[in-house]
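Owing to the predicted nature of the structure, the values given are computational and were not obtained by experimental measurement.
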Amino acid sequence: MKVTKLIFSCIILSTFLISCASTNSNQENSKTQAPDISSEREEKSNSRQDSESDKFIKSLEGINISFTKSPKATNINKNFNSSFDFTVKDKSGNTLANYPLTISYPSSKENGEILYNEIDIKTDANGTYSYTAETPKFSANTTLAVYPTPIDYSDKVIDAAVSYRAEAEWKVKSDIITKGAVLFIWDFNEKNKPINNSYDILSEFRTRGMSMVGNAPINETSYIGKPLSTLYKENYEIIETAYGYLIVGTVKFAKPVAPVDDQYSCTLIADIQAVDMKNGKLIYSSTFEHEARGKNWNACVSKAKEELATTVVDALVYGL
């Protein structure tokens with residue numbers, strides 16, 4: 001009897017162990033085959049976000065933002081003469097009240113590069129908004145932009161919103177107009193020889209209402225190519241700080257004038273630098289290239305010089 005009981009007990013124990021092993025194996029298989037809930041949730045979240053983004057982009061269709069008023073150019077440290085006013089309408093021409101917009105405006109300048117800030121606003125009950133800029137502290141020739149406020153930072157949403165933007169000029173003149181400047185800018189001929197001071201650049205400054213401008217007192221061709229420090233020192237000994245800036249440069253032919261399509265083509269290059277007469281520091285340096293065409297040599301060269309002068313003076317007036 002004892003032997004029978006022992007064998008029976010062993011059978012029961014073996015059956016129990018096999019059952020436990022089977023249960024553990026099933027549990028492990030069950031864990032391995034369980035669905036990845038977190039992955040599914042992430043996919044659903046991304047799907048919802050894409051759906052909301054698509055709805056936002058769709059809602060922009062027909063949106064029209066337009067400026068009803070914008071200020072004229074001003075000077076550094078002088079307020080704009082008006083606010084920037086704009087309105088928002090839907091595709092049916094109805095104004096949109098309480099509509100979210102983002103304003104991007106020039107906020108500072110570092111190493112000649114303009115940086116921008118953004119503010120989010122909403123239109124009033126009439127679908128309009130009036131933005132008054134702070135007193136500008138730096139020169140600029142750029143724009144203020146307004147566009148629908150994006151609902152997220154995805155590229156497709158931002159690109160869609162910005163594509164509906166409206167822009168207004170933001171022009172702030174440097175103090176060169178009031179402080180004045182002396183010019184050491186020489187025109188060269190096609191043989192690369194200096195021939196005279198640039199009359200076109202001097203004349204363009206005067207058309208901007210700048211009375212304190214003229215050729216530098218030290219103005220011989222022998223000074224062309226000399227260090228700016230030498231030009232500054234020689235001129236400072238005569239005029240000191242009576243003028244705000246010394247503008248130094250050359251205007252040369254990039255290549256000989258040539259006939260093109262029954263006209264003549266002229267390409268000029270101007271290398272321009274500006275020095276502060278208070279301390280002799282170089283505060284501006286740039287190269288400009290411009291091509292113009294005319295019916296003959298004189299016509300295309302005159303046109304190129306006039307148009308290049310406008311570009312150069314614009315850059316100095318709004319860039320110093």
So CD1 of Ile114 and OH of Tyr105: to nearest 0.5 Å the spacing works out to 14.0 Å
Q. With no hydrogens and no angle check, do the side chains of Asp187 and Asn197 hold a donor and an acceptor under 3.5 Å apart?
A. no
**Q.** Pairing of Lys252 and Asp271 as salt bridge, 4.0 angstrom limit
**A.** no
Quick one, Thr250 with Phe188, criterion side chain to side chain contact (heavy atoms under 4.5 Å, CB included). Give me CA distance, side-chain angles, the key distance, then yes/no. CA-CA 7 Å; Thr250 58; Phe188 281 59; 3.7 Å; yes
- CG of Asn117: more than 12 outside heavy atoms within 6.0 angstrom? yes
OG1 (Thr221) and CD1 (Ile195) are apart, to the nearest 0.5 Å, by 12.0 Å
All heavy atoms of Asn75 vs all of Pro136, minimum pair found to be O-CG, 4.1 Å
Output for pair (Ser222 OG, Asn219 CG), nearest 0.5 Å, gives 10.0 Å
Q.
Contact between Lys91 and Ile63 at the side-chain level, heavy atoms closer than 4.5 Å - yes or no?
A. no
Do the side-chain N and O atoms of Ser53 and Asp152 include a donor-acceptor pair separated by under 3.5 angstrom? yes
(Q) Can you confirm whether Ile185 sits close enough to Ile247 that some side-chain heavy atom of one is under 4.5 Å from a side-chain heavy atom of the other? (A) yes
In short, Cys266 meets Cys300 closest at the heavy-atom pair CB-SG, 3.6 Å
Here the gap from Tyr99 atom OH to Asp90 atom CG, rounded to the nearest 0.5 Å, amounts to 10.0 Å
On a heavy-atom basis, the closest approach of Glu220 and Trp186 is C-CZ2, 4.3 Å
Phe84 ring center within less than 6.0 Å of Tyr129 ring center
no
Test your reading of the model: is there a side-chain donor-acceptor pair from Asn235 to the backbone of Ile218, 3.5 Å cut-off?
yes
Requested in this report: Check whether any side-chain heavy atom of Phe56 sits under 4.5 Å from a side-chain heavy atom of Val157, and report yes or no.
Outcome: yes
d(Gln273 CD, Leu316 CG) to nearest 0.5 Å is 11.5 Å
Correct closest heavy-atom pair for Leu268 and Phe253 would be CD2-CD2, 3.7 Å
field: Whether Asn189 side chain and Lys191 backbone form a donor-acceptor pair below 3.5 Å
entry: yes
Are side-chain heavy atoms of Val257 and Val301 found at a separation under 4.5 Å? yes
Between Arg165 and Glu167, is the closest basic N to carboxylate O distance under 4.0 Å? yes
- request: Measure from NZ or CZ of Lys226 to the centre of the six-membered ring of Tyr223 and say whether it is under 6.0 Å with the direction within 45° of the ring axis.
  value: yes
(Q) Just checking Tyr147 against Tyr164, ring centres under 6.0 Å apart? (A) no
- Measure from the side-chain N and O atoms of Ser174 to the backbone N and O of Val317, and report whether any donor-acceptor pair falls under 3.5 Å. yes
| task | Tell me whether Ile65 is reachable from Leu60 by hopping between hydrophobic residues (I, L, V, M, F, W, Y) whose side-chain heavy atoms are closer than 4.5 Å. | result | yes
Under a 4.5 Å side-chain heavy-atom rule over Ile, Leu, Val, Met, Phe, Trp and Tyr, are Tyr199 and Phe205 clustered together?
no
Can Thr267 and Glu289 be said to form a side chain to side chain contact (heavy atoms under 4.5 Å, CB included), step by step? CA-CA 7 Å; Thr267 302; Glu289 182 170 336; 3.5 Å; yes
Distance-only side-chain donor-acceptor flag, Ser265 / Glu291, under 3.5 Å: yes
Taking every heavy atom of Trp170 against every heavy atom of Ala133, the minimum-distance pair comes out as CH2-CB, 3.6 Å
Quiz prompt | Glu204 and Arg208 ion-paired at < 4.0 Å | solution = yes
Between Thr128 and Asp124, do the side chains contain a donor N or O and an acceptor N or O under 3.5 Å apart? yes
**Message:** Counting C-beta onward and ignoring hydrogens, is there a side-chain heavy-atom pair between Thr74 and Lys171 closer than 4.5 Å?
**Reply:** no
Check whether Tyr264 and Ile269 end up in the same hydrophobic cluster, where Ile, Leu, Val, Met, Phe, Trp and Tyr are linked by side-chain heavy atoms less than 4.5 Å apart. no
For Ile76 and Asp175, the nearest pair of non-hydrogen atoms, with its separation, is CD1-N, 4.3 Å
**Message:** Any carboxylate oxygen within less than 4.0 angstrom of a Lys/Arg side-chain nitrogen, looking at Asp261 and Arg293?
**Reply:** yes
Handout entry: Residue pair Thr68 / Asp85, side-chain donor-acceptor N/O under 3.5 Å
Key = no
Check your understanding: So with a 6.0 Å cut-off around OH of Tyr116, is the heavy-atom count from everything else above 12?
Key -> yes
ask   = Would a hydrophobic clustering, with Ile, Leu, Val, Met, Phe, Trp and Tyr connected at side-chain separations under 4.5 Å, put Leu320 with Leu246?
value = no
**Prompt:** Quick one: do Asp276 and Lys179 make a salt bridge, cutoff under 4.0 Å?
**Reply:** no
One should read off an interatomic distance between Met277 CE and Tyr243 OH, to the nearest 0.5 angstrom, of 10.5 Å
Cluster link Tyr318 to Phe288, ILVMFWY, side chain under 4.5 Å = yes
| task | Compare all side-chain heavy atoms of Tyr245 with those of Val275 and state whether any distance is below 4.5 angstrom. | result | no
Check: Quick one: are Ile121 and Thr102 in side-chain contact, heavy atoms under 4.5 Å?
Finding: no
Check: Do Asp54 and Lys156 pass the salt bridge (charged side-chain N to carboxylate O under 4.0 Å, His left out) test, and can you show the C-alpha distance, the side-chain angles, and the key distance before you say yes or no?
Finding: CA-CA 9 Å; Asp54 291 338; Lys156 70 175 183 178; 3.1 Å; yes
- [ ] Determine, stepwise, if the pair Phe86 / Tyr131 fulfils ring pair (Phe, Tyr, Trp, His ring centres under 6.0 Å).
- [x] CA-CA 9 Å; Phe86 45 88; Tyr131 173 74; 8.1 Å; no
Side-chain donor-acceptor pair under 3.5 Å between Lys137 and Ser108, yes or no? no
Short side-chain donor-acceptor distance under 3.5 Å, Ser83 and Ser130: yes
Passes side chain to side chain contact (heavy atoms under 4.5 Å, CB included), Val88 versus Leu101? Steps please. CA-CA 9 Å; Val88 185; Leu101 296 169; 3.4 Å; yes
- Query: Hey, does the side chain of Ser302 reach the backbone of Asn298 with a donor-acceptor pair shorter than 3.5 angstrom?
  - Reply: yes
Q) Can you tell if the side chain of Val248 reaches within under 4.5 Å of the side chain of Tyr232, non-hydrogen atoms only? A) no
Tell me, with the steps shown, if Val182 and Asn215 meet side chain to side chain contact (heavy atoms under 4.5 Å, CB included). CA-CA 5 Å; Val182 289; Asn215 292 321; over 6 Å; no
